[in-house]
Engineer: 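Sharing a structure, written as structure tokens. Questions coming.
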Amino acid sequence: MEAVNIRLQHISKTFIHKVKGEVAAVNDVNLEIKPGELLTLLGPSGCGKTTTLRMVAGFETPDAGRVYIGNEDVTDFMANRRNIGFVFQNYALFPHLSIFENVAYGLKVKEMTKAEIVPTVSDVLKMVGLKGYEHQFPNQLSGGEQQRVALARAIVIKPKVLLFDEPLSNLDAKLRVYTRSEIRRLQKALHITAVYVTHDQEEAMAISDRIVVMNQGRIEQIGAAEELYFAPETEFVAKFIGKINTLPARVNTVENDVMSLNIFDHTYQLQDASAQVHPDTNLNVFVRPEFIKLHQPDQGHFRGVIRERTFLGEKVEYVVDIQGQQINVTSYDPLEHETFALDQGVGIQLDPRNIKILQPGEVEK
Ligand SMILES: Nc1ncnc2c1ncn2[C@@H]1O[C@H](COP(=O)(O)OP(=O)(O)OP(=O)(O)O)[C@@H](O)[C@H]1O
Ligand SMILES: [Mg+2]
């Protein structure tokens, strides 16, 4: 079966919430998911991830906009006519049915014969690593195994699209890492277009081809993990994907896309700087902790004092006081770990290529 694309065209959904009043849960979302792609919706609680996914599934009807699956407008189709496999956070298995019957359920609905169903279920259970579990019941399985049954139940109907809503949040940390790579492996092997919802940035980075960062019902940015990490377009994305320091700066001049600005006591020249910024203004710039280099106090661009030092094996995390500002610095150089001690003065160096100017925005993590 050919993988299909999914298109969300200007979809919006407003709820009347008992406490919050009118909530624009999804606000004019425009998105194309490529055939065979695993795309993740990532964002803080309440940003509209589940609502978006439910509109793809047909559990929710958009107030405005259209949903296309494989270039067919399915906006007015009932959920059971969309040929979609859905894996939820809470397994949603039938407790009184055996694993075989749980997985076979969707095939019985399609009126397949027992002779067809038995080998199909057996194949799919093998695929998810649960060969021989047919006669067990859900309460005899661990959380991870139950979630694999849920996955088997979703793929057994040979869906055109797979949707996942926080499928790993009930599993412990180790099982989450294992199960997410299993989901990706299966999704790629079966070549089924998938949309995955999580609020965990690491999970999103590990599992996705592309990530959509959502904020208050809108898309902030779409890109591969590397793009979002190294080239965030907004302060919200920079702070949601990884850590970033906010540093005060003063713009001196902007000429031919080169911006001269002062950060603490040092002047930097930034290439390809945005023309929106005016000379003689203050603004915030952003630098990731691993791009700040610590030196002995007589070197670097400006001075600071180490206020916190946390040894974490492959890295050391420092909090450095620079003129009253607390700045996070991460060092991955194991030989440097010995060099900087608590309360020690240090020299600090920034690389102008890693200083970002971003659209402002607030983030709650
Ligand atoms: N059935 C509903 N009735 C009223 N309000 C709703 C309903 N479903 C969602 N909302 C509201 O819409 C907004 C988006 O909710 P949604 O469930 O899509 O968020 P989410 O990104 O999935 O969050 P979480 O990470 O907490 O699951 C929230 O403000 C939520 O309170
Ligand atoms: Mg949700």
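For ligands, and for the atoms within them, numbers begin at 1 and follow the listed sequence.
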Engineer: Is the cationic atom of Arg288 (NZ for Lys, CZ for Arg) positioned less than 6.0 Å from the six-membered ring centroid of Phe230 and within 45 degrees of its normal?
Structural biologist: no
Engineer: Between Gly48 and ligand 1, is there a nitrogen or oxygen pair with a distance under 3.5 Å?
Structural biologist: yes
Engineer: Run down the list His199, Gln89, Lys49 and name the one with the heavy atom closest to atom 25 (O) of ligand 1.
Structural biologist: Lys49
Engineer: At a 4.0 Å threshold, what atoms of ligand 1 neighbour a non-hydrogen atom of Val23?
Structural biologist: 12 (O), 13 (C), 29 (O)
Engineer: Does the structure place the NZ or CZ of Arg7 under 6.0 Å from the centre of the six-membered ring of Tyr68, at an angle of no more than 45° from the ring's axis?
Structural biologist: yes
Engineer: To check your reading of the model: name the closest protein heavy atom to atom 9 (C) of ligand 1, its residue, and the distance in Å.
Structural biologist: Phe15 CE1, 3.4 Å
Engineer: What protein heavy atom sits nearest atom 30 (C) of ligand 1, and how far away is it?
Structural biologist: Lys20 NZ, 3.9 Å
Engineer: Among all protein heavy atoms, pick the one closest to atom 27 (O) of ligand 1 and tell me residue, atom and distance.
Structural biologist: Thr50 OG1, 3.9 Å
Engineer: Grab the two heavy atoms, one from Pro44 and one from Phe236, that are nearest each other, plus how far apart they are.
Structural biologist: CD-CZ, 3.7 Å
Engineer: Please walk me through it: do Glu182 and Thr179 pass side-chain hydrogen bond (donor to acceptor under 3.5 Å, both in side chains)?
Structural biologist: CA-CA 5 Å; Glu182 281 295 287; Thr179 312; over 6 Å; no
Engineer: For the 3.5 Å polar cut-off, considering only N or O atoms, please tell me whether Gly46 and ligand 1 meet it.
Structural biologist: yes
Engineer: Pick whichever of Val26, Thr51, Leu53 has a heavy atom sitting closest to atom 16 (P) of ligand 1.
Structural biologist: Thr51
Engineer: Could you tell me the residue and atom name of the protein heavy atom closest to atom 26 (O) of ligand 1, and the distance to it rounded to 0.1 Å?
Structural biologist: Ser45 OG, 2.5 Å
Engineer: Check Pro138 against Ile99 and note the closest heavy-atom contact, atom names and distance.
Structural biologist: N-CD1, 3.9 Å
Engineer: With the threshold set at 4.0 Å, does a side-chain nitrogen-carboxylate oxygen contact exist between Asp172 and Lys174?
Structural biologist: no
Engineer: Would you say the Mg ion (ligand 2) has Ser45 as a near neighbour, meaning an N/O/S atom of that residue under 2.8 Å away?
Structural biologist: no
Engineer: Suppose we measure from atom 12 (O) of ligand 1 to each protein heavy atom; which comes out shortest, and what is that distance?
Structural biologist: Ala25 CB, 3.3 Å
Engineer: On the ring face of Phe77, is Arg81 found with NZ or CZ under 6.0 Å from the centre and within 45° of the axis?
Structural biologist: yes
Engineer: Rounded at 0.5 Å granularity, tell me how far CD1 in Ile355 sits from CG in Asn245.
Structural biologist: 11.5 Å
Engineer: Is there any N or O on Cys47 that sits under 3.5 Å from an N or O of ligand 1?
Structural biologist: yes
